[in-house]
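Starting from 1, each residue takes its place in the sequence as its number. Each ligand, and each atom within it, is numbered from 1 in the order the structure gives.
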Amino acid sequence: MSQKNIVIIGGGISGLATAYSLEERAKRNGKSLFITILEKNNRVGGSILTERENGFIIEGGPDCFISEKPYALQLCKKLGIGDNLLCTNDEFRKTFVLWKGNLHELPEGVMLMIPTRIVPILKSSLISSLGKLRMAMELLIPKKKSQEDESLSEFVCRRLGKDVLDKIAEPLVAGIHAANPDTMSVKSTFPKFVQMEEEYGSLIRAMIAKKKMMNNSISETTQGYTMFMTLKNGLDELPVTIVKSLKTTKIIKDKEAVRVVKSPSKITTGESIYKILLKDGEGLDADAIVFATPSYETARLLSELDALISNQLDEIPYISTATVSLAYKKDAVSHPMNGFGFVVPKPEKRKIMAATWVSRKFSYRGPEDSFLIRCFVGGYYNEDLIFMDDEDMIKMVKGELKDIMGINADPILVRLYRWKKAMPQYTIGHDDRLTILNRMLSKEPGLFLTGSAYRGIGISGCINDADLTADAVIKHFYPAQ
Ligand SMILES: Cc1cc2nc3c(=O)[nH]c(=O)nc-3n(C[C@H](O)[C@H](O)[C@H](O)COP(=O)(O)OP(=O)(O)OC[C@H]3O[C@@H](n4cnc5c(N)ncnc54)[C@H](O)[C@@H]3O)c2cc1C
């Protein structure tokens with residue numbers, strides 16, 4: 001069989017990890033693949049963007065990945081950068097929640113939103129007495145009978161009560177995704193919660209059992225790592241090292257795909273070969289295409305080839321956010337910052353969603369005499385704020401830090417990054433929409449979708465999905481493998 005021409009559109013972590021897995025599989029099976037990555041920007045990495053300035057390492061997009069899904073960890077090790085993996089500083093492992101204008105510590109032992117220890121909950125100033133009682137009742141609430149998808153709000157209210165929804169689940173759990181908990185699918189975004197209820201009849205019981213199991217047998221992959229991990233030199237070391245490791249893949253930057261059509265020369269021969277039309281007027285033939293682009297962008301690329309697939313892709317909503325990083329001299333900040341940062345529930349009506357005390361969460365993020373803080377703007381409830389001009393947004397963020405943390409000083413460094421439509425939302429019915437999409441795609445063999453819009457929102461999820469996608473591409477060409 002002749003050499004197969006695979007084009008990956010999008011050079012974010014999903015596109016790069018797909019190329020990496022394809023090369024790995026081709027080598028293992030003695031196959032020859034010709035892989036090209038098309039990236040519209042002049043750099044790869046997509047949302048992973050690290051800047052280094054005046055001794056600071058500033059993450060514009062993601063600042064870490066989770067170790068529970070071990071795929072990012074495993075990839076770092078395979079790439080030879082395992083020694084650069086950096087744990088969080090566990091002496092500061094506390095999160096605060098802004099409530100009625102004050103920062104309250106999230107009770108110790110609350111994992112995601114599920115309590116696993118009684119005493120810290122009883123002592124907590126965040127949860128009301130009634131809220132604590134309602135939380136405890138979770139142990140007695142029977143599991144849901146129907147398999148129907150439900151929103152995160154419905155799920156949390158049903159199991160743990162409204163206090164937990166308002167003060168923990170909405171700012172912490174939905175906040176990670178900048179999402180609206182009323183429309184967020186619990187089944188697609190947090191399948192583990194659904195599984196825990198199903199298996200144990202109670203989230204608290206499940207979490208306690210899980211904790212015990214983890215203590216008894218910490219898996220080899222995650223042993224020695226913290227829940228959130230990053231790379232000592234900055235997260236962009238991951239995409240940069242993938243690029244260095246690619247042997248046969250050709251990466252073309254500053255090349256934007258605008259449309260995908262059937263290659264005219266091949267229509268008569270019946271071969272499923274595609275042509276990618278580029279913004280500069282050129283075209284590229286492909287035997288298979290992996291779309292590692294945001295789903296709305298893939299919809300645009302496929303609009304002429306298959307309007308149904310394109311419309312289905314357009315059903316996946318996205319949210320815009322911005323991050324503003326500010327560095328201060330240590331002696332200019334009196335706040336103790338004794339944690340990883342804080343989240344802001346919606347009823348507080350503030351203009352930032354959350355702030356990470358970066359210098360506490362990770363070491364090596366800046367000079368010893370300074371603090372780096374990163375604030376999140378936008379998200380579902382305040383999306384318009386990301387369209388403010390730079391000066392106004394920075395002024396607004398400084399004002400928020402003054403109100404919440406009492407910081408009056410001028411920062412010594414400020415960096416702002418806007419992320420327009422960068423966070424996909426798995427809303428109710430997401431799984432069903434994917435099933436329909438996959439059925440439609442099966443009629444177009446040679447087209448593959450990967451990325452955060454489908455089966456895993458974070459970096460680790462994207463890396464796993466990229467690997468599964470590479471597997472599907474190989475099986476498409478070599479069914480016997
Ligand atoms: C502010 C922010 C904070 C986050 N924090 C975390 C975190 O802490 N931990 C975590 O695990 N995840 C986090 N995420 C999510 C994580 O960044 C994403 O899941 C992941 O980076 C998505 O990678 P991707 O390759 O699928 O998409 P992207 O990174 O969006 O890459 C898509 C690429 O396709 C290119 N492209 C688009 N259209 C075209 C075209 N027509 N032709 C050619 N190229 C095109 C783009 O330029 C881009 O490079 C965060 C995301 C954001 C925005």
Side-chain angles (χ1 to χ4, degrees), residues 7-19 36-50 59-69 71-73 88 175-179 227-231 235-236 238-239 242 251-260 276-280 284 289-302 318-325 340-341 353-354 356 358 361-362 374-379 386 416-424 426 449-466 469:
V7 178
I8 299 170
I9 311 180
I13 189 65
S14 298
L16 295 172
T18 306
T36 307
I37 297 180
L38 292 179
E39 168 53 53
K40 73 171 178 184
N41 286 328
N42 62 2
R43 59 163 199 99
V44 292
S47 305
I48 301 179
L49 191 167
T50 310
E59 300 292 1
D63 69 343
C64 60
F65 48 77
I66 51 166
S67 60
E68 199 195 2
K69 285 184 186 172
Y71 314 106
L73 275 181
T88 49
I176 297 171
H177 302 273
M227 186 197 274
F228 301 109
M229 296 295 301
T230 192
L231 287 158
L235 211 50
D236 73 348
L238 179 56
I242 299 179
I251 300 180
I252 315 178
K253 293 183 215 165
D254 285 318
K255 269 287 181 230
E256 181 174 344
V258 289
R259 217 154 10 112
V260 170
I276 300 163
L277 306 180
L278 306 171
K279 197 174 179 185
D280 59 14
L284 202 67
I289 304 174
V290 177
F291 295 87
T293 35
S295 51
Y296 55 86
E297 183 64 15
T298 309
R300 183 177 78 107
L301 294 170
L302 286 173
Y318 273 75
I319 289 282
S320 304
T321 56
T323 63
V324 181
S325 293
F340 289 170
M353 288 189 277
T356 305
V358 179
K361 189 173 173 186
F362 293 113
R374 187 164 92 129
C375 298
F376 293 83
V377 176
I386 83 135
L416 187 163
Y417 306 87
R418 283 170 220 274
W419 298 104
K420 289 184 192 153
K421 290 182 78 181
M423 289 187 142
Y426 295 179
L449 306 176
T450 194
S452 57
Y454 312 106
R455 294 158 289 261
I457 260 170
I459 294 172
S460 263
C462 288
I463 291 170
N464 183 39
D465 198 56
T469 304

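No side-chain heavy atom of D465 sits less than 4.5 Å from a side-chain heavy atom of Y71. L301 places none of its side-chain heavy atoms less than 4.5 Å from the side chain of I289. For the pair D63 and V358, the minimum side-chain heavy-atom distance is 4.5 Å or more. Looking at heavy atoms from C-beta onward, T88 lies out of side-chain contact with M227 at the 4.5 angstrom threshold.
In this structure, R374 and G61 approach most closely via the heavy-atom pair NH1-O, 2.6 Å. Annotation for N42 and K253: closest pair O-CD, 3.4 Å, computed over non-hydrogen atoms. Closest approach of G456 to Y426, counting heavy atoms only: N-OH, 2.8 Å. Nearest heavy-atom pair, G11 versus I37, reported as atom, atom and distance to 0.1 Å: CA-CG2, 3.9 Å. The two atoms that bring K361 and T356 nearest to each other are CD-CG2, 3.6 Å, heavy atoms only.
Atoms of ligand 1 lying under 4.0 Å from any heavy atom of I457, numbered from 1 in the order shown and given with element: 15 (C), 18 (C), 19 (O). Against a heavy-atom cut-off of under 4.0 Å, G46 is close to the following atoms of ligand 1: 29 (O), 31 (O), 48 (C), 49 (O). Distances below 4.0 Å separate heavy atoms of I9 from the following atoms of ligand 1: 42 (N), 43 (C).
Protein heavy atom nearest atom 43 (C) of ligand 1, with residue, atom name and distance: K40 N, 3.3 Å. Atom 34 (O) of ligand 1 has G10 CA, 3.3 Å as its closest protein atom, hydrogens excluded (heavy atom only). Considering only non-hydrogen protein atoms, atom 49 (O) of ligand 1 sits nearest to E39 OE1, 2.6 Å. The single protein non-hydrogen atom nearest to atom 36 (N) of ligand 1 is T293 CG2, 3.7 Å, given as residue, atom name and distance. Atom 2 (C) of ligand 1 has as its closest protein heavy atom M423 CE, 3.8 Å. Nearest non-hydrogen protein atom to atom 22 (C) of ligand 1 is C462 SG, 3.8 Å. Nearest protein heavy-atom contact of atom 24 (P) of ligand 1 is S14 OG, 3.3 Å. Distance from atom 38 (N) of ligand 1 to its nearest protein heavy atom, with residue and atom name: E297 CG, 3.2 Å.
Under 4.0 angstrom from ligand 1, the non-hydrogen atoms of L38 all belong to its backbone. Only the backbone of A292 comes within 4.0 Å of ligand 1, judged by heavy-atom distances. The backbone and the side chain of D63 each have at least one atom closer than 4.0 Å to an atom of ligand 1 (non-hydrogen atoms only). Residue contacts with ligand 1, taken as heavy atom pairs separated by less than 4.0 Å, involve E256 via backbone and side-chain atoms alike.
Compare P62, G458, C64 by their heavy atoms: the one nearest to atom 9 (N) of ligand 1 is in C64. Of the candidates G12, S452, S47, G379, it is S47 that places a heavy atom closest to atom 30 (O) of ligand 1. Here the shortest heavy-atom distance to atom 1 (C) of ligand 1, taken over F376, Y417, W419, belongs to W419. Selection from G461, G451, A257 by nearest heavy atom to atom 42 (N) of ligand 1 gives A257.
For T293, the side chain to side chain donor-acceptor pair (under 3.5 Å) criterion is met by T298, not counting sequence neighbours. Judged as a side chain to side chain donor-acceptor pair (under 3.5 Å), and not counting sequence neighbours, T230 has no contacts.
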Applying side chain to side chain contact (heavy atoms under 4.5 Å, CB included), run through L238 and L16 and close with a yes or a no.
CA-CA 10 Å; L238 179 56; L16 295 172; over 6 Å; no
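Here's the thing with I13: one of its N/O atoms is less than 3.5 angstrom from an N/O atom of ligand 1. By the 3.5 Å distance cut-off applied to N or O atoms, R374 is not counted among the residues near ligand 1. By the 3.5 Å distance cut-off applied to N or O atoms, I48 is not counted among the residues near ligand 1.
The shortest separation from a heavy atom of K255 to ligand 1 is under 4.0 Å, placing the residue in contact.
In this structure, atom 27 (O) of ligand 1 has its sub-4.0 angstrom surroundings free of protein heavy atoms.
In summary, of the residues considered (S295, P424, S14), a side-chain contact (heavy atoms from CB on, under 4.5 Å) with S452 occurs for P424 alone.
Remark: side-chain polar atoms of T50 are paired, donor with acceptor, to backbone N or O of D236 under 3.5 angstrom.
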